[in-house]
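Here the structure is laid out as structure tokens; the discussion comes afterwards.
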Amino acid sequence: MAVHELFRRKPVEQIEAVEGGGLQRTLGLWQLTAIGVGGIIGAGIFSLAGAVANETAGPAVLISFLVAGIASAAAAFSYAEFAGLIPRAGSAYTYGYAVLGELVGWFIGWDLLLEYTAIVAVVAIGISGYFNDLLGFLDIHLPLWMSGAPGTEPEGVAAGSYKVNLFAVLLCLLIAFVLNQGMRSAARFETLLVYLKVALVVLVIVVGAFHVNTGNWSDFFPFGVSGAFTGAATVFFAVFGYDAMSTAAEESRDSQQHMPKAILYSLGISMVLYVLACLVLTGMVPYTDIDSEAAFSSAFESVGLRWLGGVIAVGAILGILTVLFTFLLGATRVGYAMSRDGLLPKWLSGTHPVKKVPSRMTWILGVAAAVIAGLLPIGEAAELTNIGILLAFVVVCVAVVVLRYRRPDLPRTFRCPGMPVVPAIGVAFSIWLITFLQPETWLRFAIWFVIGLVVYFGYSRRHSKLADHHQK
């Protein structure tokens, strides 16, 4: 085996020439933006903002989101340039494959398969917390065996009472079903829920602003500045839904024009809402009293607006479904692209003859997310999510610089500004945030990395379409 085979690249022109491979181009600019916003807003506000404020950063959770947002914005410009240049499914996997070679592309794709799927599980677990809060509001109590993952029993509940987080399992399977109904129908479902979610966040900000006690911000860094940066590493995956959205490039009607705009629009809209929501949450409730699982609904209950807490619980359940949608969409399109390139079994890239979606890959990853969501606590599931995505950001930021200097002649509908400084900022922030991740995260990543090595050298290298090309 020659070393150069590990870094063989597919010419960008050849990638551009590939048609959808069975996928339909149905998405317009605002549908793409809605998918991006749907992936960004939700996990951070409704699932993680409370936990990070309570356990890691205090009121400085606002700084956590800003730091993560700066790193994400630097990478977003790089993604936007690639999205306008290579309108093909796969996002970071495809970009890395085209510029840095097959082995790099493989590992980014392999990591994203796990991490996007884990994000779906994390968010499903978060929604189930709001669901239980809503049932409590209605004085309804589920049987203990279906109320959570093993080992997550609250104080007063006997250990071993919980067997599975059944609601989280059903959510993952529901989103897999919706995605299998065809992209046109699925995108309409997603867009409707995004409008509902944005309206809900605006309601939270406006009403909550009247109940802010600025004294709650007096100890702004209770865990030190390092706590805010540790929080940034934790919430990072909540500010890059545009990455998963960009995997749907082959389903955009005018990907080269619309995809770069949708990436930047979705991140900009989301960051404004994140900052305002964090201010309201930490202003309404002392950080020590914030509920880690249902932060906003419990916050409004604490100021006497129990009815609004119920509305938020309902809206959160519906609104966070969009995060599941975006990231399961991302995982399936990465897997589809890898399979079509021969790096995973070709059977997985089969599309439904009528609905034109990769239904096999969708169900496989939907079931995998359901298993994680049903059996792992939210903290352990979240530990599966961050390191590979940060590495994907590094790869994309490096690749955009390499390709700009290697092929300056390629027509680009969007050009990353501040080259190469802005991509370098994205690389530096991503590597820096990686250093804040826990040892357990590194261990899980190392295990997945080794499994990936076995799969690549045992199967993918020999079945790659580029291997067929070189043999001919």
#### Entry: Reported CG-to-CG distance for the pair Leu279 and Asn216, which is rounded to 0.5 angstrom
12.0 Å
### Sequence neighbours excluded - ring pair (Phe, Tyr, Trp, His ring centres under 6.0 Å) pairs with any residue from residues 189-209
none
### Pairwise distance CG(Leu193) to CG(Leu200) - rounded to 0.5 angstrom
11.5 Å
### Task
Give the minimum heavy-atom separation between Val120 and Cys172, together with the two atoms involved.
CG1-SG, 4.0 Å
### Message
Are the side chains of Arg340 and Arg88 in contact, using a 4.5 Å heavy-atom criterion?
### Response
yes
### Task
Would you confirm whether Thr435, through its side chain, and Trp432, through its main-chain N or O, come within 3.5 Å as a donor-acceptor pair?
yes
Enumerate, atom names and distances included, each donor-acceptor pair closer than 3.5 Å involving a side-chain atom of residues 70-82, sequence neighbours excluded.
| unit_1 | atom_1 | unit_2 | atom_2 | d |
| --- | --- | --- | --- | --- |
| Ser72 | OG | Val239 | O | 2.6 |
| Ser72 | OG | Tyr242 | OH | 3.1 |
| Tyr79 | OH | Asp243 | OD1 | 2.8 |
| Glu81 | OE1 | Arg404 | NH2 | 2.6 |
| Glu81 | OE1 | Cys416 | N | 2.7 |
| Glu81 | OE2 | Arg404 | NE | 3.2 |
| Glu81 | OE2 | Arg412 | NE | 2.8 |

### Task
Using a strict 4.0 Å threshold on nitrogen-to-oxygen distance, state whether Glu250 and Arg333 make a salt bridge.
no
### Query
Taking only residues two or more places apart in sequence, or in another chain, which ones meet Glu55 in a side-chain hydrogen bond (donor to acceptor under 3.5 Å, both in side chains)?
Ser292
### Query
Side chains of Phe393 and Val427: does their closest heavy-atom pair fall under 4.5 Å?
no
### Query
Mind checking whether Leu203 and Leu308 have side chains closer than 4.5 Å, heavy atoms only?
yes
### Task
Please list, chain by chain and in numerical order, all residues satisfying ring-ring contact (aromatic ring centres under 6.0 Å, His included) with Tyr162, sequence neighbours excluded.
none
### Message
If you apply the rule side chain to side chain contact (heavy atoms under 4.5 Å, CB included), what do you find for Met361 with Ser349, and how did you get there?
### Response
CA-CA 7 Å; Met361 182 64 74; Ser349 63; over 6 Å; no
### Task
Might you point out which heavy atoms bring Phe65 and Ala49 nearest each other, and give the distance in Å?
CE1-CB, 4.2 Å
### Task
Determine whether Val67 and Phe429 make a side-chain contact, defined as any pair of heavy atoms from C-beta on separated by less than 4.5 Å.
yes
### Query
Okay, side chain of Ser246, backbone of Ser91: is any donor-acceptor separation there less than 3.5 Å?
no
## Note on the structure
Interatomic distance, OG@Ser270 vs CD1@Ile40, rounded to 0.5 Å, equals 4.0 Å
#### Entry: Over all atoms of both residues, closest heavy-atom pair of Leu390 and Ser430
O-CB, 3.7 Å
### Task
Looking only at non-hydrogen atoms, find the nearest pair between Gln31 and Thr26 and report the distance.
OE1-O, 3.4 Å
### Query
Quick one: CE on Met245 to CG on Leu267, what's the gap to the nearest 0.5 Å?
9.5 Å
### Message
For a quick test of reading the model, state the closest non-hydrogen atom pair linking Leu27 to Ala187 and the distance between them.
### Response
CD2-CB, 3.5 Å
### Query
Is a donor on one side and an acceptor on the other found under 3.5 Å between the side chain of Ser252 and the backbone of Ala249?
no
### Message
Has Thr247 got a side-chain atom pairing as donor or acceptor with Ala244's backbone, closer than 3.5 angstrom?
### Response
yes
### Task
Run the numbers on Asn54 and Tyr287 for side chain to side chain contact (heavy atoms under 4.5 Å, CB included), then give the verdict.
CA-CA 5 Å; Asn54 180 262; Tyr287 76 91; 5.6 Å; no
### Message
Are Trp110 and Tyr456 an aromatic pair, judged by ring center distance below 6.0 Å?
### Response
no
### Task
Can you measure from CG (Leu305) to CE (Met284) and round to the nearest 0.5 angstrom?
7.0 Å
#### Entry: Closest non-hydrogen atom pair, Ser64 against Gly227
OG-O, 4.5 Å
### Task
With sequence neighbours left out, write down each residue that passes side-chain contact (heavy atoms from CB on, under 4.5 Å) with Asn180, or none if nothing qualifies.
Val357, Ser359, Thr362, Trp363
### For Phe300, ring-ring contact (aromatic ring centres under 6.0 Å, His included) partners two or more places apart
none
### Message
As a quick check of understanding, evaluate side chain to side chain contact (heavy atoms under 4.5 Å, CB included) for Val164 and Trp145, giving each step before the final call.
### Response
CA-CA 6 Å; Val164 64; Trp145 69 267; 4.0 Å; yes
### Query
Does Tyr93 have any side-chain hydrogen bond (donor to acceptor under 3.5 Å, both in side chains) partners at least two apart in sequence or in another chain, and if so, which?
Asp341
### Task
Decide yes or no for Leu103 and Phe107: does some side-chain heavy atom of the first lie under 4.5 Å from some side-chain heavy atom of the second?
yes
### Query
Residues in side-chain hydrogen bond (donor to acceptor under 3.5 Å, both in side chains) with Ser266, at least two apart?
none
### Query
Can you check whether Thr351's main-chain N or O pairs, donor with acceptor, with Arg360's side chain at less than 3.5 Å?
no
### Summary
Taken in chain and number order and not counting sequence neighbours, the residues that satisfy side-chain contact (heavy atoms from CB on, under 4.5 Å) with Pro439 are none
### Query
Is there a side-chain contact between Thr94 and Tyr97, using heavy atoms and a 4.5 Å cut-off?
no
### Query
Just wondering, do Phe220 and Leu62 contact through their side chains at under 4.5 Å, heavy atoms?
yes
### Query
Would you say the side-chain atoms of Thr117 pair up with the backbone N or O of Ala369, donor to acceptor, closer than 3.5 Å?
no
### Task
Give a yes or no on whether the backbone of Leu329 and the side-chain of Thr332 come within a donor-acceptor separation of less than 3.5 Å.
yes
### SG on Cys278 to CD1 on Ile205, rounded to 0.5 Å
9.5 Å
### Those residues that, when tested against Trp217, pass ring-ring contact (aromatic ring centres under 6.0 Å, His included) (two or more places apart)
none
#### Entry: N/O donor-acceptor pair under 3.5 Å between Asn165 side chain and Gly374 backbone
no
#### Entry: Phe221 atom CZ: more than 12 heavy-atom contacts under 6.0 Å
yes
List the atom pairs, donor and acceptor, that lie under 3.5 Å between side-chain atoms in residues 321-328 and the rest of the protein, sequence neighbours left out.
| unit_1 | atom_1 | unit_2 | atom_2 | d |
| --- | --- | --- | --- | --- |
| Thr322 | OG1 | Gly38 | O | 3.0 |
| Thr322 | OG1 | Lys197 | NZ | 2.3 |
| Thr322 | OG1 | Gly319 | O | 2.7 |
| Thr326 | OG1 | Ile35 | O | 2.8 |
| Thr326 | OG1 | Gly39 | N | 3.3 |
| Thr326 | OG1 | Glu190 | OE2 | 3.1 |
| Thr326 | OG1 | Thr322 | O | 3.1 |

### Query
Can you name the residues that form a side-chain hydrogen bond (donor to acceptor under 3.5 Å, both in side chains) with Thr33, not counting sequence neighbours?
none
### Message
Set out, in order, the CA-CA distance, both residues' side-chain angles and the distance that settles side chain to side chain contact (heavy atoms under 4.5 Å, CB included) for Phe167 and Leu171, then state yes or no.
### Response
CA-CA 6 Å; Phe167 187 69; Leu171 278 175; 3.6 Å; yes
### Query
Do Val61 and Thr56 come close enough that some side-chain heavy atom pair is under 4.5 Å?
no
